[in-house]
Amino acid sequence: MDTQVMLRQIIRSDIQAMTAYAVADVPLNCIKLDAMEMPYRYPDELKTQLGKLLAEAPENLYPNPATSGLQEALRQTFGISDAANIVLGNGSDELIQLLTMLVAKPGAKVLALEPSFVMYRHNARLFGLEYVGVSLNQDFTMNLPAVLAAIEKHQPALIFVAYPNNPTGVCFERDEVQMIIDLAPGIVVVDEAYGAFSRDSFLPQAGSCERLVVMRTLSKIGFAGLRIGYAAGHPMVMQELTKIVPPYNMNQLSLAAAKFALQNQNWITQHIDILKQERSRLSEALLALGIEVFPSEANFITVKVNDAEKVFETLWQNNILIKKLHGMHPLLAQCLRITVGTPEQNDAVLNILKNITTSILKPN
């Protein structure tokens, strides 16, 4: 038998049918506004301090995330209750995977709103769980009656709620999310990857309810390269989650750099404030161009145009990369997602859009 044929028979057919998560390969001089990364880097003084710190990190030894001091630094910086346990992940992606694995029993179901982060669905299928997607309203607000009906019908073991939502930027009503938590039969993960840019958070409630797990990340506030995610929740659930966290899932350099970052919280806060101001300015400028702009509480803006493909390609031809959402979900037809950049980067986007013909730019 041909070797490739034999391997095809061995490898899971459902995995063979999947598509890998695509990471854009872009030139170094490209204005990269596709992945919600912080556009600012440390000044030279902080880079030098960090360099010295990393040089002292014991790269020859296995890390022990539990005794690294990062959990306590996170607790103090973000006001996480002593009632909550904190589990570290190699980015939020690992925590999503582990939380899904935690409930992966025969017949178990995962529920999420759609469109939302694609890895909720991906991991449910990877671990053999049935995935239930509940569509949002046309304006990307939550269809609460549909969500509650789906919970009642499917009794999901795990529910993911991105708060604010990705890729839309819309933040659901707090009372709606609380109702999901109150009525859920299983674990509810409130994914606050963009919580630093939002008006509200469930993080203060972490530890107070057995069903609630609040997940956050350092990626969106300036440190995507470190791959530091964390989940806070009731000790009963988090102690079970700890049992399936791979040993040494973090690394010495990231742990050291993350603690250093939290010691310089003023730098983080300053640049979050700049991006929130730029988010407002960019939204207003896009609206002035006649573009449909969805209200965002994240570090990106989702818009709807008449020809998303043409707008995307025009920006790309001018060395600006944004995210084309068109084709990912019916509600995202002709939608684009623009990461909020520096004022200069945002002006570059606006200058290109001003020169695109109205028939392409304005939605019908």
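If you're wondering where the values come from, they're calculated on a predicted model, not measured in any experiment.
Surrounding CE of Met179 are at most 12 heavy atoms belonging to other residues, nucleotides or ligands under 6.0 Å away. Counting heavy-atom neighbours within 6.0 Å of Gln4 CD, excluding the residue itself, gives a total of 12 or less. Residue-environment remark: CZ (Arg41) stays at or below the threshold of 12 foreign heavy atoms within 6.0 Å.
The backbone N or O of Ile320 lies less than 3.5 Å from no partner atom in the side chain of Asn318, so there is not a single donor-acceptor pair. Put simply, the side chain of Lys259 gets close to the backbone of Ser68: a donor and an acceptor are under 3.5 Å apart. A donor-acceptor distance shorter than 3.5 angstrom exists from the side chain of Asn346 to the backbone of Gly341, with no hydrogens or angles considered. In this structure, Thr269 contributes its side chain and Asn266 its backbone to no donor-acceptor pair below 3.5 Å. Of the possible polar contacts, one joining the Thr217 side chain to the Ile228 backbone as a donor-acceptor pair under 3.5 Å is found. Under a 3.5 Å cut-off, the side chain of Glu130 and the backbone N or O of Gly107 do not form any donor-acceptor pair. Judged by distance alone, the side chain of Asn165 and the main-chain N or O of Pro115 form a donor-acceptor pair under 3.5 Å. The backbone N or O of Val87 sits nowhere less than 3.5 Å from a side-chain atom of Gln71 that would complete a donor-acceptor pair. Checking side-chain atoms of Glu297 against main-chain N and O of Val170 turns up no donor-acceptor pair under 3.5 Å. Between the side chain of His326 and the main chain of Gln334, a donor-acceptor pair closer than 3.5 Å is present.
Side-chain atoms of Asn64 and Tyr248 include no donor-acceptor pair closer than 3.5 Å. A donor atom on one side chain and an acceptor atom on the other are not found under 3.5 Å apart for Glu173 and Gln178. Judged purely by distance below 3.5 Å, without hydrogens or angles, the side chains of Ser254 and Arg227 never pair a donor atom with an acceptor atom. For the residue pair Gln317/Glu313, the side-chain donor-acceptor check at 3.5 Å is not satisfied. In the model, Asp200 has no side-chain atom that pairs as donor or acceptor with a side-chain atom of Ser198 under 3.5 Å. Inspection of the Arg337 and Asn166 side chains reveals an N or O donor paired with an N or O acceptor under 3.5 Å.
What you find for Pro156 and Pro185 is that their closest heavy atoms are O-CG, 3.4 Å. The minimum heavy-atom distance linking Glu114 with His329 is given by the pair CB-NE2, 3.8 Å. Considering every non-hydrogen atom in both Asp82 and Arg75, the closest pair reads OD1-CD, 3.3 Å. In plain terms, the two heavy atoms of Asp182 and Arg211 that are nearest each other are O-NH2, 3.4 Å. Taking each heavy atom of Phe260 and Leu46 in turn, the nearest pair found is CZ-O, 3.7 Å. When all heavy atoms of Gln138 and Leu331 are compared, the closest pair comes out as NE2-CD2, 3.5 Å.
Side-chain heavy atoms closer than 4.5 Å link hydrophobic residues (I, L, V, M, F, W, Y) into clusters, and following such links, even through other members, never connects Tyr62 to Met250. One hydrophobic cluster holds both Phe160 and Met101 under the rule that ILVMFWY side chains link at heavy-atom gaps under 4.5 Å. When the side chains of ILVMFWY residues are joined at heavy-atom separations under 4.5 Å, either directly or via intervening members, Val293 and Met36 end up in two distinct hydrophobic clusters. In this structure, Val118 is a member of the same hydrophobic cluster as Ile15, with clusters built from ILVMFWY side-chain heavy atoms closer than 4.5 Å. Note on Leu126 and Ile11: separate hydrophobic clusters, where clusters join Ile, Leu, Val, Met, Phe, Trp and Tyr whose side-chain heavy atoms are under 4.5 Å apart, directly or indirectly.
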(request) Dump the intermediate steps for salt bridge (charged side-chain N to carboxylate O under 4.0 Å, His left out) on Asp347 and Arg281, then the final yes or no. (result) CA-CA 10 Å; Asp347 286 341; Arg281 184 179 74 90; 3.0 Å; yes
(request) List the steps, then state whether side-chain hydrogen bond (donor to acceptor under 3.5 Å, both in side chains) holds for Ser13 with Arg8. (result) CA-CA 8 Å; Ser13 59; Arg8 291 288 182 191; over 6 Å; no
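Considering only heavy atoms from C-beta on, Lys304 stays 4.5 Å or farther from Ile291 through its side chain. Contact of the Tyr40 side chain with the Leu275 side chain is registered, since non-hydrogen atoms from C-beta on lie closer than 4.5 Å. The shortest side-chain heavy-atom distance between Thr339 and Ile322 does not fall under the 4.5 Å cut-off. Taking 4.5 Å as the limit, every side-chain heavy atom of Ile338 sits out of range of all side-chain heavy atoms of Leu315. Asn299 places none of its side-chain heavy atoms less than 4.5 Å from the side chain of Arg279. Side-chain contact between Leu325 and Lys323 is present, with at least one heavy-atom pair separated by less than 4.5 Å. Looking only at side-chain heavy atoms (C-beta outward), Ile180 and Met142 come within less than 4.5 Å of each other. Using a 4.5 Å heavy-atom cutoff, the side chains of Phe197 and Lys220 are in contact.
Aromatic pair Tyr163/Phe202: ring centres closer than 6.0 Å. Between Tyr194 and Phe300, the distance from one ring center to the other falls under 6.0 angstrom.
At least one cation-pi condition fails for Lys47 and Tyr42: the charged atom is not both under 6.0 angstrom from the six-membered ring centre and inside a 45 degree cone around its axis.
Between Val245 and the choices Leu95, Asn90, Leu98, the side chain to side chain contact (heavy atoms under 4.5 Å, CB included) rule is met once, by Leu98.
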